[in-house]
Amino acid sequence: MDISGSAMVNTALNMQSSSTSEAVGTIMLRKSLNAATNEINQLMQSVAPQLATSGTLGTQVNTYA
């Protein structure tokens with residue numbers, strides 16, 4: 001089996017290029033998922049009920065489910 005040097009170099013470069021593309025894709029996916037997570041957390045915090053911390057209304061009942 002005769003494999004020329006340039007064919008081996010081209011194959012190595014193609015493999016390196018595809019692994020680099022996969023790494024970039026993975027990084028971009030991770031960044032977009034992190035951004036979505038941050039947005040969801042902000043949304044959940046904005047709709048969370050504000051509980052009473054002082055006074056007699058809403059602070060006297062202690063229940064367990």
Side-chain angles (χ1 to χ4, degrees):
M1 185 168 158
D2 185 27
I3 299 177
S4 67
S6 62
M8 287 176 31
V9 169
N10 286 336
T11 302
L13 288 175
N14 287 336
M15 290 174 64
Q16 181 180 10
S17 174
S18 60
S19 67
T20 302
S21 297
E22 290 175 10
V24 169
T26 302
I27 290 170
M28 292 305 296
L29 176 62
R30 183 178 300 141
K31 286 186 178 188
S32 65
L33 289 174
N34 286 341
T37 300
N38 290 337
E39 290 178 18
I40 293 294
N41 286 337
Q42 289 175 356
L43 179 64
M44 294 302 289
Q45 288 175 356
S46 70
V47 297
Q50 299 298 319
L51 301 176
T53 57
S54 63
T56 58
L57 184 60
T59 59
Q60 303 299 316
V61 178
N62 188 6
T63 61
Y64 294 96

* Other cluster members, Met44 - Ile/Leu/Val/Met/Phe/Trp/Tyr, side-chain contacts below 4.5 Å ->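 Same cluster as Met44: Ile40.
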
Please tabulate, one pair per line, all N/O donor-acceptor pairs under 3.5 Å involving side-chain atoms of residues 26-35, not counting sequence neighbours.
residue : atom : partner : partner atom : Å
Thr26   : OG1  : Glu22   : O            : 2.9
Ser32   : OG   : Met28   : O            : 3.3
Ser32   : OG   : Leu29   : O            : 2.9
Asn34   : ND2  : Arg30   : O            : 3.4

* Could you tell me which residues satisfy side-chain contact (heavy atoms from CB on, under 4.5 Å) with Leu43, sequence neighbours excluded, listed by chain and number? =>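 So Leu43 forms a side-chain contact (heavy atoms from CB on, under 4.5 Å) with Ser46.
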
